Structure formats: structure tokens, C-alpha cells
Amino acid sequence: MLPQFFTNTARALALGMLALPLAQASFDKGLDWISTNASLPKVVIYSARGTILSASNYSRLDNVNYGAGVGPTPQELIGNVSEVLDVAQLAVVNFDVPGGSSGLNSSLYLNISQHANRQLCAEGSDIVGAIMFHGTNTLEETASALETAFGVDLTFNCSKPFIATGAMRPDSYISPDGRSNFYQAVAAAVSPASRNRGGLIAFNDRITSIFYSTKLNANTPDTFKSLEQGNLGAFLGGQPFYYFDAGYPTGRPYFDITNTTELSSVIVLYGHQGFDASLMYAAVANGAKGLVLLGPGAAQVSPSAQQAAADLFSKGIPIVAVARPVTGTGVPDRFPGAIFYSSYVGAEQARIMLQLALNAGLSLDEIRNVFEDPLRKAVYGSWASQQAYY
Ligand SMILES: *[C@@H]1O[C@H](CO)[C@@H](O)[C@H](O)[C@H]1NC(C)=O
Ligand SMILES: *[C@@H]1O[C@H](CO)[C@@H](O)[C@H](O)[C@H]1NC(C)=O
Ligand SMILES: *[C@@H]1O[C@H](CO)[C@@H](O)[C@H](O)[C@H]1NC(C)=O
Ligand SMILES: *[C@@H]1O[C@H](CO)[C@@H](O)[C@H](O)[C@H]1NC(C)=O
Ligand SMILES: *[C@@H]1O[C@H](CO)[C@@H](O)[C@H](O)[C@H]1NC(C)=O
Ligand SMILES: *[C@@H]1O[C@H](CO)[C@@H](O)[C@H](O)[C@H]1NC(C)=O
Ligand SMILES: *[C@@H]1O[C@H](CO)[C@@H](O)[C@H](O)[C@H]1NC(C)=O
């Protein structure tokens, strides 16, 4: 027995040190397992920091100007939520979070995905799942959690759970959401029911698909939602309950990024009344290899933008149109056209998907198929009623 005055953290770390060091396999290399029970399943924590590891130096009510305080390290968080060690053995990998104009920066998710593939998907790996901490864009973390999570989701090559989580309140808040989110993400990562679903978000007692989720509130804990496709499950007593059997989002592509370190630039433009289509040429002149256009209604693109799109398409630049409303989609034309419709993929996700498709060396037709194929087949396929079109 350990003396009672040991803090949770000290207890966890002390017990972790008691675990016998075993010869490490390649997928295991460099991982230090924090463990109180060597029979428990292994889960890796990929930490890109964020509010979950932050604290205010003002008061327990501050969820606005925090970040300057000293928040917990991942190891300290494990100590503070020591129940996680009753369900899993944990190892932490820390990632640098780019600041500044990181909207363009893809190295973070490429790096996390490469770690995840190497550590979870390698032959014989006994790691059952991974969770990722990530900033939710408050204060200094300018990298978007959704973009990072989506990038990993499309490049992660096995059925094991990859679960993104984080917090909207700093750890110093009177009731921080990060601790609960952390426990729930670990519980989901060890659950066999979480497999074969693609990347997941565990946040605020709910489980959603990364592929379909968006961030709907800039301030409150109930922020990551998949409005149209719904929740996949909820947490009860800390444990995940799924409403449906396992399945992947329709048409979710997979891209191999084993040897990729950088992706080409894809720019998102917001279509509106009086949209200036010369911005599309300007983006390409500045190095964009693809464009994402948000169009009002069902991704309606103005006549001048359509003209520019056709012109740029003929020069090899793919242009993906995304519906500006929060839900719904632009519907692909009956015959393949110069503008590709994103289906139910949102704008920030469409940008990542287009970058990955370009990186894979796909032709324009293949890129169009990545975005449009499932929806085109549903609407115009031979089994669909053609009454509306003939
Ligand atoms: C360790 O974990 C295994 C598997 O969950 C469980 O059966 C066993 O009771 C645990 N041992 C202790 C000492 O808690
Ligand atoms: C909190 O940190 C900020 C930034 O470092 C500093 O300006 C401020 O004085 C600190 N406040 C307290 C109460 O320590
Ligand atoms: C969390 O862990 C830290 C580091 O061990 C400790 O100082 C702090 O008191 C803990 N907080 C709570 C609320 O348990
Ligand atoms: C990838 O992440 C690892 C672990 O944090 C770090 O050591 C390495 O420098 C990162 N590589 C790049 C290219 O960012
Ligand atoms: C991404 O950010 C890292 C760290 O800030 C930087 O070294 C790298 O050059 C950036 N890559 C791109 C493509 O902007
Ligand atoms: C893994 O990669 C193969 C070949 O690249 C691909 O066919 C398969 O769908 C991928 N599996 C997952 C789960 O992404
Ligand atoms: C990545 O690079 C390695 C070593 O050069 C090579 O064997 C492998 O086929 C490459 N994989 C991909 C998907 O390009």
C-alpha cells in the first residue's frame, strides 16, 4: 500500500514506475506506460495541448482570459482523473502546436497521424486505441481541432478507435469540462464498440463522428455537434453507449500520408452577393493548388465565379463548392462539371480532403469522384427513379 498522503498523481506515477519494463516492440518505441495494472488495455494520448491543459491565474470563474495560469501536464491530468488508470494503461506523446497563421499548417495532423499509424496500426500492436487532446481555438491555440482531427481521420489506416477530445473551460474553472471529457474519451478508446467507426469526438457526454461534426458554439461546452447526422452515442456512468452498430461515414476516403511532410495550399473563399471572382485568380497566383468556395443555398456559385471556375479547371485547378448553410449540401450536376460539390463535407473539412487528394496525385476526375461519387450515385444511379430527369 502507498501512504495516504501521496497525491493522486504521485500515486499514479509511483505505481507506473513499478510496472516491469518489457522489451519494447517498434510500435511501442519511446512510449512510457503509466499503469497500475499491466492487464489493462493500452491507450496512447496524443497531446496537442489546448484548454483541457490550461488554467487561469485569475479566478475559478474565468473562462475568458485564461491561459496565463499554469495548467496541468497530461501526466498531472491523469493524476487528477486517476479513474482512467482503472480502465487503461496510458502513454503520452506531446506535439508542438503551431501558432500564428496555422490555418495553412498541416504538419501537426500529418505528424499525429504518422504516429498513430505506426503505433496503433502496425502488425502485432497491442495498443487498443488513441485519444487526442487539442485546443478548441480559444486564445492562443489557432490550430483548429476539427481540421487536425479530420486530417487524422482520413489518413488513419486501421479499425482501432481514434478519439478527439478537449475542453471549453480551463482546468481551473469551478467545474471544468476537460476532466470528464478525458475520462470519457479513454473509456471510449478501450471499448470494442468504438471500433470500425472512423474517427470520433468524445465531448460533453456525447460521441459524434469527426467526419460530420462541426463546432457550433465559440464559448460553451456543448459545442461539437453533427446536426444533420446526429450523435452516435452518449456516456452513462462514464461509459460509452452507441445508438447504432459500427459503420463508417458514407464515402469516407482513405489517403496514405506515410511519406508526406507538407501539403499544397488550398484556399477557402466565402461566396456572397457581389462576390469578386478575381479573388479566385489571386489565390491561384499566390500558390493555391485548389479552391473551396462556400456558396449560398445549395452551394450556388455566382455566374462570374462559375466562369472563373471553368477557366481554372481547364488549367488543372480543382474547385470544390460547399453549401454555406450549416447543414445540407450542393447537389452534383447530372453530368460531371468543372465545379465539384462537397456532398455533406463542410468547408474546413473539404479543404483538408482536397489537399489530401492532391497529395495522392489524383486526376481531376478522380478528385471529383472522391467528393461526389456517393451522392451522384444516390441521386442519378441506375437504381434511382429517373422520373425527375428524363
Ligand atoms: C487488473 O485488470 C484486469 C483486467 O481488467 C482485472 O481482471 C484485474 O482484476 C485487475 N487487477 C487489479 C489488481 O485491479
Ligand atoms: C496573469 O498572467 C498575466 C500574463 O502573464 C499577467 O499579466 C497577470 O498579471 C497575471 N495575473 C495574476 C493575478 O497573476
Ligand atoms: C491535480 O494535480 C496537481 C498535480 O499533482 C495537484 O497539484 C492538484 O492539487 C490536483 N488538483 C486536484 C483538484 O486534484
Ligand atoms: C513530430 O512530433 C514529434 C513528437 O512530438 C516531434 O519530436 C517531431 O519533431 C515532430 N515532427 C515534425 C516534423 O513536426
Ligand atoms: C507548420 O508549422 C511549423 C511550426 O510552426 C513550421 O515549422 C512549418 O514550416 C509549417 N508548415 C507549413 C506548411 O506552413
Ligand atoms: C488501409 O489502406 C488500404 C490500402 O491503402 C485501404 O484499402 C483501406 O481502406 C485502409 N483501411 C482503413 C481502415 O482506412
Ligand atoms: C514510403 O517510403 C518508403 C521508403 O522509401 C517506401 O518503401 C514506401 O513504399 C513509401 N510509401 C508510400 C505510400 O509512398
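All heavy atoms count here, side chains included; hydrogens, waters and symmetry mates do not. All ligand and atom numbering here is 1-based and tracks the order in the structure. For clarity, every value in this text was computed on a predicted model and none was experimentally measured.
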Legend entry - Rounded distance [0.5 Å steps], CG in L120 versus CZ in F162: 9.5 Å
Legend entry - Ligand-residue contact atoms, ligand 4 with F95, heavy atoms, under 4.0 Å: 2 (O), 5 (O)
Legend entry - Residue N37 vicinity, atoms of ligand 1 by number, heavy atom under 4.0 Å: 1 (C), 2 (O), 3 (C), 8 (C), 10 (C), 11 (N), 12 (C), 14 (O)
Inset, instruction - Report yes or no: is the cationic atom of R197 (NZ for Lys, CZ for Arg) closer than 6.0 Å to the six-membered ring centre of Y242, at no more than 45° off its axis? - result: yes
Inset, instruction - Report the part of N94 (side chain from C-beta onward, or backbone N, CA, C, O) that has a heavy atom under 4.0 Å from ligand 4; answer both or neither where that applies. - result: backbone
Inset, instruction - Report the nearest protein non-hydrogen atom to atom 3 (C) of ligand 4: residue, atom name, distance rounded to 0.1 Å. - result: N111 ND2, 3.6 Å
Legend entry - atom 7 (O) of ligand 6 protein-contacted, heavy-atom criterion under 4.0 angstrom: no
Legend entry - Test item: S191 side-chain N/O and A187 main-chain N/O as donor-acceptor pair under 3.5 Å: no
Legend entry - Nearest-neighbour protein heavy atom for atom 5 (O) of ligand 1, which is reported as residue plus atom name and distance: L40 CD2, 3.5 Å
Legend entry - Side-chain donor or acceptor of S56 paired with backbone N/O of Y58 under 3.5 Å: yes
Inset, instruction - Out of N157, N117, T155, D153, indicate the one that has the non-hydrogen atom closest to atom 1 (C) of ligand 6. - result: N157
Legend entry - Is_contact(atom 11 (N) of ligand 1), protein non-hydrogen, under 4.0 Å: yes
